[in-house]
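What follows is a short report on a single structure.
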Amino acid sequence: MNLKYLGHSCFTFELRGKKIILDPFITDNPKNPANDVEGIEADYILLTHAHGDHVGDVEAIAAKNPGVELISNFEIVSYYQAKGLAGHSLNIGGKFKFDFGTVKYVTALHSSSFPDGSYGGNPGGFVIWNEDVCFYIAGDTALTTDMKLIPEMCPPLDFAILPVGDYFTMGYEDAVIAAEMIDCAHIVGCHFDTFGFIEIDHEKAIEAFRTRGKKLILAGVNESISTK
Ligand code: NI
Ligand code: MN
């Protein structure tokens, strides 16, 4: 499977021909100057939680993609439904079969409020699977033993997107332990380098994974990633 990294925690990918964007934060990302939000095509927008660095461009993308559907928690989807957007409001532990695959909304240990102060419900992550692939998107989270449940609840993971930047989320040292807990050798890092607090030493991070027999990919902004 191919992912495109748009910086911070934003990725685009296609499943069964459906275009999906995760946590769009492009316009205000200081590390993504080539911010072509206008050109983004999306059938679905996945939102892990309500913080501004994950929902910044939701409305701009929805304006250009009138049929787009949000997938997130009840509070986040309700917030955008009040603005005229459509969505699917899962809650922690629930899953639903979409036309591109099954999505399960899973625990994340973090917080979730909108930039305007509105309540954003509990933050979460996603496990997504269909006949071709299964992957975990942790969202902003600390390391938590709940991650051990993912291999029990879901098909074997082909890869996982984990935050590695520390300060607001777990750092790469904890992300290595997370990779062990979810039984996954192929990790794509996110939530690093965007702001001063979350700049990381790439070599040290990659080496920390390598010594545990795991591979960490730290993509550049607007870079394509092959997860195989
Ligand atoms: Ni956050
Ligand atoms: Mn964040």
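The figures that follow rest on heavy atoms only: side chains count, while hydrogens, waters and symmetry mates do not. Each ligand, and each atom within it, is numbered from 1 in the order the structure gives.
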Item to check | Pair Phe135 + Phe13: ring centers closer than 6.0 Å | outcome: yes
Checklist entry - What's the atom name of the N, O or S in Asp140 nearest to the Ni ion (ligand 1)? => result OD2
Checklist entry - In Asp140, which N, O or S atom comes closest to the Mn ion (ligand 2)? => result OD2
Checklist entry - Are Glu59 and Lys83 ion-paired here, with the side-chain N under 4.0 Å from a carboxylate O? => result yes
Checklist entry - Do the charged groups of Glu207 and Arg212 touch, with an N to O distance under 4.0 Å? => result no
Checklist entry - With the Mn ion (ligand 2) as the point of reference, which N/O/S atom of Asp53 is the closest? => result OD2
Checklist entry - Any N/O/S atom of His110 sitting less than 2.8 Å from the Mn ion (ligand 2), backbone or side chain? => result no
Checklist entry - Taking 2.8 Å as the cut-off, does an N/O/S atom of His51 lie below it from the Mn ion (ligand 2)? => result no
Checklist outcome for this item: The N/O/S atom of His51 lying closest to the Ni ion (ligand 1) is ND1
Checklist entry - Less than 4.0 Å between a side-chain N and a carboxylate O, is that true for Asp99 and Lys18? => result yes
Next on the checklist: Less than 6.0 angstrom separating the ring centers of His110 and Phe168, yes or no?
Outcome noted: no
